[in-house]
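Comments concern the structure below.
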Amino acid sequence: MIKIPLALLNLQDDGFHLLVEVVVFGQNFKAVLDTGASKTVFDKTIVERHIGTQRLKSSDRVSTGLGTTSMESFTWQLPDIQIGAFHLKNFEVAVLDLSSINFAYENLSVDPVIGVIGGDILTQYRGVIDYGKMTLTLKKTKKSP
């Protein structure tokens, strides 16, 4: 089991977001931890800045829940991500335009996020969120199907 520190972001009396530090492209970023997101999603602008567009695969899945009913969606085989001390290699993520989230964060004077850590990682690696200790615990081995 690996315990990962979380940060609580107050959205000015409109709720809270949990943020977790991730390392992608050899750089530190913040990501939103979202139990309601079915899939882990990365921001298209940030991904394209690092890898270009040639490695993104167009997806026919409809992406909802980000303030729109449909959005152009891509997938990408993420070679390596570090979430705290937890490492994942070759994990497929969705790639979407997250500019609306980052614009809202900018209005709160919060740095942009690279994406959203979703239910796919939380389920497969048996994630447990402890709000009292502000930690996310992930198990190194995948949950059996």
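As a basis for the values below, the full set of heavy atoms in this structure was taken, side chains included, without hydrogen atoms, waters or symmetry mates.
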### Query
If two hydrophobic side chains count as joined below 4.5 Å and joins carry through other members, does L9 share a cluster with F103?
no
#### Entry: Donor-acceptor contact present, side-chain K39 to main-chain E92, <3.5 Å
yes
### Query
What's the verdict on side-chain contact (heavy atoms from CB on, under 4.5 Å) for L122 and L33, showing C-alpha distance, side-chain angles and the deciding distance?
CA-CA 9 Å; L122 297 173; L33 184 64; 3.8 Å; yes
### Query
Judged by atom type as modelled, is there a donor-acceptor pair below 3.5 Å linking the side chain of T40 to the main-chain atoms of G118?
yes
### Task
Hey, could you give me the CG/CE distance between L18 and M134, rounded to the nearest 0.5 Å?
5.0 Å
### Task
Quick one: sort the W76 and F42 rings into parallel, tilted or perpendicular, breaks at 30° and 60°.
perpendicular
### Non-hydrogen side-chain atoms of H17 and D34 separated by less than 4.5 Å
no
### Query
Would you call Q124 and F91 a side-chain contact if the rule is heavy atoms closer than 4.5 Å?
yes
## Note on the structure
Taken to the nearest 0.5 Å, the spacing of Q82 CD from K89 NZ works out to 9.5 Å
### Message
Same cluster or not: V23 versus F86, using hydrophobic residues (I, L, V, M, F, W, Y) connected whenever any side-chain heavy atoms lie under 4.5 Å apart?
### Response
no
### Query
Quick one: OG1 on T137 to OH on Y125, what's the gap to the nearest 0.5 Å?
16.0 Å
### Message
Working to the nearest 0.5 angstrom, can you tell me the gap between T45 OG1 and H50 NE2?
### Response
11.0 Å
### Query
Considering all heavy atoms of both residues, which atom of I46 and which atom of F29 are nearest to each other, and what is their separation?
CG2-CE2, 4.0 Å
### Task
Give the minimum heavy-atom separation between D80 and H87, together with the two atoms involved.
OD1-ND1, 3.7 Å
### Query
Checking side chain to side chain contact (heavy atoms under 4.5 Å, CB included) against I117, which of L136, V32, I81 comes through?
I81
### Task
Could you state whether I121 and I129 fall into the same hydrophobic cluster, counting links through intermediate Ile, Leu, Val, Met, Phe, Trp or Tyr residues with side-chain heavy atoms under 4.5 angstrom apart?
yes
### Task
Could you please spell out the steps behind the side-chain contact (heavy atoms from CB on, under 4.5 Å) verdict for T75 and V93?
CA-CA 6 Å; T75 60; V93 297; over 6 Å; no
### Task
Starting from the C-alpha separation in whole Å, work towards a yes-or-no answer on side chain to side chain donor-acceptor pair (under 3.5 Å) for D130 and T135.
CA-CA 5 Å; D130 185 329; T135 59; 4.8 Å; no
## Note on the structure
Between the CD1 atom in I4 and the CE atom in M1, the distance rounded to the nearest 0.5 Å is 11.5 Å
### Summary
Closest non-hydrogen contact found for V113 with A31 is CB-CA, 4.3 Å
### Query
Between D43 and S99, which heavy-atom pair has the shortest distance, and what is it?
OD1-N, 3.9 Å
### Message
Rounded to the nearest 0.5 Å, what separates atom CD1 in I114 from atom CG in N28?
### Response
10.5 Å
